[in-house]
Protein chains: 2
Amino acid sequence: MSIKQLAARADVSMATVSRVFNFPDKVSADTRQHVLRIAQELGYLPNASARSLRTQCSKVLGIVLPTLLNPVFAECLDGIAQAARAAGYAILPITTDYELEREEQAVLQLIAADVDGMVLVVSQPATSRALDRLRAASLPYVLAYNRHADHPCVSVDNETAVIEMVARLVALGHRRIAFISGELAASDRALQRQRGFCEGMQAHGLDTYVCLEVPFIETAIQDIGALLDTPGRPTALVCSNDLIAIRSIRAAHLAGLTVPRDISIAGFDGIALGRDLTPALSTITQPNQAIGRDSVQWLVAALASGQPLAPHASRLLPHAFRTGESCTTAPDSPSSSRRARVASLTSTLDPS
Amino acid sequence: MSIKQLAARADVSMATVSRVFNFPDKVSADTRQHVLRIAQELGYLPNASARSLRTQCSKVLGIVLPTLLNPVFAECLDGIAQAARAAGYAILPITTDYELEREEQAVLQLIAADVDGMVLVVSQPATSRALDRLRAASLPYVLAYNRHADHPCVSVDNETAVIEMVARLVALGHRRIAFISGELAASDRALQRQRGFCEGMQAHGLDTYVCLEVPFIETAIQDIGALLDTPGRPTALVCSNDLIAIRSIRAAHLAGLTVPRDISIAGFDGIALGRDLTPALSTITQPNQAIGRDSVQWLVAALASGQPLAPHASRLLPHAFRTGESCTTAPDSPSSSRRARVASLTSTLDPS
DNA sequence: CTGTTAGCGCATTCAT
DNA sequence: ATGAATGCGCTAACAG
């Protein structure tokens, strides 16, 4: 079903049909109804490829994400999809599994696919070859979760968030606090969060702290278990993301520890599932859907206005602290009375 | 950068350039190298819209899913993305939030987007208007998770799986078993699973069972809690999916019950996260990524061969039982000794 | 308000 | 092995 056939059936010109769909106002009400009726009958739908070719804009956004298996990015993609739909754009998502080579391939494929712009989550904006390609093609893009002065970014203040989380744990009496992260080289977020942890600890004069990197999910729980099996084990863990926090809770359980009675565990990301866990996950929440939504809206606005996306206009969205049940006062802390523990179970003494 | 410009720079015809990319063998090695070198320099990438328009095939697959916020579909989409990439296809995913109207809109949008075929998860294949549209457009498609004699489907045997799960729980001494599901009308899977539950219970002469529908996630935990607060409360719950199982564990916790000591809870779906939970989720696993992968491979094979997708060739992928820690012997069962309970903690007495 | 025409970038005849 | 010409379906000038 092409515009030509429809035009023939409706006994009007192709241009009129085109106007009916693109500028309804520029057509008399009569002919508009007429054309629409026949279009309905014939099941006519304007062909996107032809339109893209002609207008040089595809109404498609390329999306580059590390993975969909981490709910953080699934939630973000959900936000992206919503915003894109609202703005009349389709999305073409590609996952990279944190592999730099695939980031670059993804960008090349999306350029070839004729996308109007991209939203991407890369590992390291500073050194990304994918971004070089993007600039070479002078395609508009927004980075989500990443943060870098030379690129337009939508993210949260990872460093400050973790500094604040450390302060909360310290206020709960914790002194031996460890930081658990995935592969640090895999993302700038992980590095920012670790930096925040170190700064936060030093700010409280706690300079002998542990940072544990658990690169492989297969062995993560064992590695964390080993840390918890030491005599001077930490009384609290700050985890670089919620999935690691969940595994840490499991590691603690396998080590015979109860969360939060024996050890407090905090996450980062605010995945929705964390609310439903037992114990409910205490975590730093980012507005994942909003990060996706805002990235798209900013990109679309730039596309519409023709204005370039200015890196200095990058947005930091607010983080927050979700009071769950996985953090409470330190076991050896003076305030760690029975009353305090019971209260923690009702979520009132969580870091707040 | 168009083929014309590249041809001019390389001092060959457009046709030759086209051959270099589509039929490298039909060009002499010399000119091929020459053209490729210049293409590299100029950063030439064949334009997808133009190619689609010309060849009438876009190398894009439309994907229609209920939501990405349930890890089941995120995992499935991951499998879809992998298989599509391997076959040289891009994907255009749209989520519908279980709304029939949006299923239909999605299909129309994807038809207009010129996709070569679709993989979709619909609510009710039997009555789906979206599928009508698809047949009207005579576009190849495969249904994932759905199961219906008139459509090509890739799914698991939901009914049998739940029957078997009931048998396992009965073998563990459970008699008062309840079934918890989301909105039954929202999907054929939910109905199949419930049917399996009823059959499974009757097969053991347990005809007084409870089926609880918790349509709204906001109140789900409270609704389940109410069920658990009754005197003759169930000793085991079979949940229609893993997210509900996780919420049930929480509901049990809030009701002062410990899982699995006081109550056993089983899920359905096998989301990866379930392994890392505490207690690890006992659940019926489906091969979510494989469901996505197989759907794509079948669709792509049909596209390549021109053969239609025969509904009777629908595939049932094998389900399995993941032995977690959320199920054990019934509290009032004779075999529910201390030893049995301890063993259950080490995952050896889970339904198996 | 409506019709005619040209061309977006490419793959594919048909020549050579 | 290579080149010239055509049209996929559509929109945007321009003409009327």
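Convention: sequence-line order gives letters A, B, ...; per-chain numbering from 1. What you see is a predicted model; the values in this text were computed from it and never measured.
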Using a heavy-atom cut-off of under 4.0 Å over every strand shown, decide if [X] touches base, sugar-phosphate, or nothing.
| X | answer |
| --- | --- |
| S52(A) | nothing |
| V12(A) | sugar-phosphate |
| T31(A) | sugar-phosphate |

Would L143(B) and V154(B) count as a side chain to side chain contact (heavy atoms under 4.5 Å, CB included) here? Give the steps. CA-CA 6 Å; L143(B) 301 187; V154(B) 175; over 6 Å; no
Tell me which of L53(B) and R32(B) sits closer to the 5' end of DNA chain D, going by the nucleotide each one is nearest to.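 It is R32(B) whose nearest nucleotide is closer to the 5' end.
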State which of [options] makes the closest approach to the side chain of [X].
| X | options | answer |
| --- | --- | --- |
| Y44(B) | dG9(D), dC10(C), dA1(D) | dC10(C) |
| A15(B) | dT11(D), dA4(D), dT2(D) | dA4(D) |
| N47(B) | dA4(D), dC10(C), dG9(D) | dC10(C) |
| F23(A) | dG9(D), dA12(D), dC10(C) | dA12(D) |
| T16(B) | dG3(C), dT2(D), dC10(D) | dT2(D) |
| M14(A) | dC14(C), dT2(C), dT11(D) | dT11(D) |

In terms of the angle between their ring planes, are F73(B) and Y98(B) parallel, tilted or perpendicular, with boundaries placed at 30° and 60°? perpendicular
Atom-to-atom span, [atom1] of [X] to [atom2] of [N] - whole angstrom:
| X | N | atom1 | atom2 | result |
| --- | --- | --- | --- | --- |
| N22(B) | dT2(D) | CG | C1' | 16 Å |
| I3(A) | dA12(D) | CD1 | C1' | 12 Å |
| Q5(B) | dG9(C) | CD | P | 7 Å |
| R19(A) | dC14(D) | CZ | C1' | 11 Å |

For dG9(C), does the base pair up with any side-chain atom of R54(A) as donor and acceptor (N or O, under 3.5 Å, distance only)? no
Taking only side-chain nitrogens and oxygens of Q56(A), does any of them come within less than 4.0 Å of OP1 or OP2 of dT11(D)?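 Q56(A) to dT11(D) OP1/OP2: no side-chain N or O under 4.0 Å.
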So, does S28(B) get its side chain near the phosphate of dT2(D), meaning an N or O under 4.0 Å from OP1 or OP2?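 The answer is yes; a side-chain N or O of S28(B) sits under 4.0 Å from OP1 or OP2.
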